[in-house]
Amino acid sequence: MKKFDLRSLDEEQMMRLAETCDEKSFRGKQLFEWIHKKRVSDFSEIRNLPKHFLERLSEKYSISGIHIEKKQVSKKSDTAKYLFSLADGSLVESVWMKYHHGNSVCISSQVGCRMGCSFCASTLTGLERNLTAGEMLSQIYEIQRETGERVSNVIVMGMGEPLDNYESLLAFIRLLSDEKGIHISQRNITVSTCGLVDQIRRMMEEKLQITLAISLHAPNDAIRRKMMPVANKYSMDEIFSACREYIKNTGRRITFEYSMVDGVNDEKAHALELSRKLKGMNCHVNLIPLNAVKERKNRRSKEENIRDFKQILEKNRINVTIRRELGSDIDAACGQLRNNFIKPIERN
Ligand code: SAH
């Protein structure tokens with residue numbers, strides 16, 4: 001029988017769960033503390049709860065297991081990439097990044113991805129399954145345990161499309177920012193989406209303080225459709241109109257990600273076209289030099305093209321940065337490490 005992931009439940013749900021097991025509801029509070037404050041990974045580590053309660057729980061529930069299969073540390077030791085296996089053997093990746101202002105962890109939200117972006121490694125084997133909220137948290141808990149350092153920022157930019165796993169993503173954000181748990185401020189959480197407009201609109205109503213990042217990657221729909229199948233479903237106009245509403249409703253600035261691909265989306269005319277469309281919007285553009293994936297034929301833009309592109313946006317008063325390159329020596333592009341790992345297994 002498949003067991004439910006206890007780590008995905010909030011305190012209220014654990015209190016109700018305790019009651020259904022004929023326990024006082026405060027036992028649920030204690031359980032929450034063990035799982036999200038002390039961050040145990042097995043029932044046997046829990047001390048002050050009645051044994052029969054834990055036994056009953058373990059019949060239907062498990063605490064999402066996670067195991068480090070591989071860790072690659074970059075030469076400068078400021079980035080580490082983890083390949084994790086989950087309880088069912090699924091593999092996901094996370095990246096740990098050390099910055100002056102604190103440590104960031106980039107987590108996966110799905111095993112694989114079904115969005116099919118032409119330059120991305122995560123999508124090569126399609127979507128296997130969604131992660132539970134607990135499995136998303138486990139990536140952070142495990143990295144914090146292994147490094148012994150506090151994680152202060154979380155970005156959901158690893159494998160998967162987070163808004164394609166909406167309910168679990170939301171439960172994850174609430175647990176992550178719960179003051180009784182690991183308590184990472186929502187202002188330090190970024191969620192990146194390929195632009196699922198219906199879900200963006202839904203998220204507006206949730207009253208979250210997270211940063212929303214949209215993978216734009218193109219100045220117009222024609223180019224975007226060549227790179228991202230999702231562009232056939234939603235036009236850039238629809239995305240921008242949802243973004244404007246999002247900014248108005250939440251007061252939060254939006255980030256647009258723009259992966260720079262040689263000869264595809266990196267011309268000066270593209271920068272001008274993008275500037276015109278973003279004019280007046282409370283946004284920030286993050287230029288990402290493409291991390292070339294060996295299974296894909298796309299190449300990274302030339303340095304000078306990236307520089308010129310940035311200058312044009314700046315001249316048009318658009319906030320823009322070039323993403324600091326971390327971990328390109330350790331297969332840090334989404335899905336790369338996992339692909340290198342699963343291939344030898346598949347061949348057997
Ligand atoms: N599905 C989400 C989040 C995952 S990817 C999304 O689409 O936003 C995080 C970011 O990295 C996205 O902007 C994605 O398009 C980009 N990306 C994926 N593969 C890349 C690569 N090989 N080089 C550069 N950027 C890449």
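As the structure lists them, so they are numbered: ligands from 1, and atoms in each ligand from 1. The first residue of the sequence shown is numbered 1, and numbering continues consecutively from there.
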Novice: May I ask you to identify, for His217, whether its side chain, its backbone, both or neither come under 4.0 Å of ligand 1 on a heavy-atom basis?
Specialist: side chain
Novice: Taking only heavy atoms of Cys194, which atoms of ligand 1 are found under 4.0 Å from at least one of them?
Specialist: 6 (C), 7 (O), 8 (O)
Novice: Kindly assign one of parallel, tilted or perpendicular to the pair Phe309 and Tyr258, based on the angle between their ring planes and the thresholds 30° and 60°.
Specialist: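 Geometry flag for Tyr258 against Phe309: tilted rings.
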Novice: Quick check: does Gly160 get an N/O under 3.5 Å from an N/O on ligand 1?
Specialist: yes
Novice: Can you see which heavy atom on Gln209 is nearest to which on Thr250, and at what distance?
Specialist: NE2-O, 3.9 Å
Novice: Specify side chain, backbone, both or neither for Cys120, according to which of its non-hydrogen atoms lie closer than 4.0 Å to ligand 1.
Specialist: both
Novice: Against heavy atoms of Met157, which atoms of ligand 1 measure under 4.0 Å?
Specialist: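 Answer, ordered by atom number: 4 (C), 5 (S), 9 (C).
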Novice: Between the candidates Pro289, Ser259, Ser109, Ala213, which shows the shortest non-hydrogen contact distance to atom 16 (C) of ligand 1?
Specialist: Ser259
Novice: How does the hydrophobic cluster around Leu127 look, that is, which other residues are in it when side-chain heavy atoms under 4.5 Å mark a link?
Specialist: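 Other cluster members: none.
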Novice: Using a 4.0 Å heavy-atom threshold (strictly under), name the region of Leu290 that reaches ligand 1: side chain, backbone, both or neither.
Specialist: both
Novice: Which of the numbered atoms in ligand 1 are under 4.0 angstrom from any heavy atom belonging to Ser215?
Specialist: 6 (C), 7 (O), 8 (O), 12 (C), 13 (O), 15 (O)
Novice: To the nearest 0.5 angstrom, please state how far the OG atom of Ser64 sits from the CG atom of Leu86.
Specialist: 8.0 Å
Novice: Closest by any non-hydrogen atom to atom 4 (C) of ligand 1: pick that one out of Gly158, Ala121, Ser192.
Specialist: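 Residue with the shortest heavy-atom distance to the ligand atom: Gly158.
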Novice: Please work out whether the ring planes of Phe32 and His36 are parallel, tilted or perpendicular, with thresholds of 30° and 60°.
Specialist: tilted
Novice: Suppose I only count heavy atoms of Val293 and a 4.0 Å limit; which atoms of ligand 1 are within that range?
Specialist: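 Answer for ligand 1: 22 (N).
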Novice: Taking heavy atoms and a distance under 4.0 Å, where does Glu161 meet ligand 1: side chain, backbone, both or neither?
Specialist: both
Novice: Show the numbers, then the answer: is there a salt bridge (charged side-chain N to carboxylate O under 4.0 Å, His left out) between Arg307 and Glu303?
Specialist: CA-CA 6 Å; Arg307 217 177 39 232; Glu303 286 297 321; over 6 Å; no
Novice: Please check this pair: side chain of Thr123 against backbone of Gly116, looking for a donor-acceptor N/O pair closer than 3.5 Å.
Specialist: yes
Novice: Applying the side-chain hydrogen bond (donor to acceptor under 3.5 Å, both in side chains) criterion to Tyr82, which one of Glu142, Glu146, Lys70 satisfies it?
Specialist: Glu146
Novice: At less than 4.0 angstrom from any non-hydrogen atom of Thr193, what atoms of ligand 1 do you find?
Specialist: 6 (C), 7 (O), 8 (O)
Novice: Checking Arg202 against Tyr166: charged group under 6.0 Å from the ring centre and within 45 degrees of the axis?
Specialist: yes
Novice: Could you tell me whether Ile214 approaches ligand 1 through its side chain, its backbone, both or neither, with non-hydrogen atoms closer than 4.0 Å?
Specialist: neither
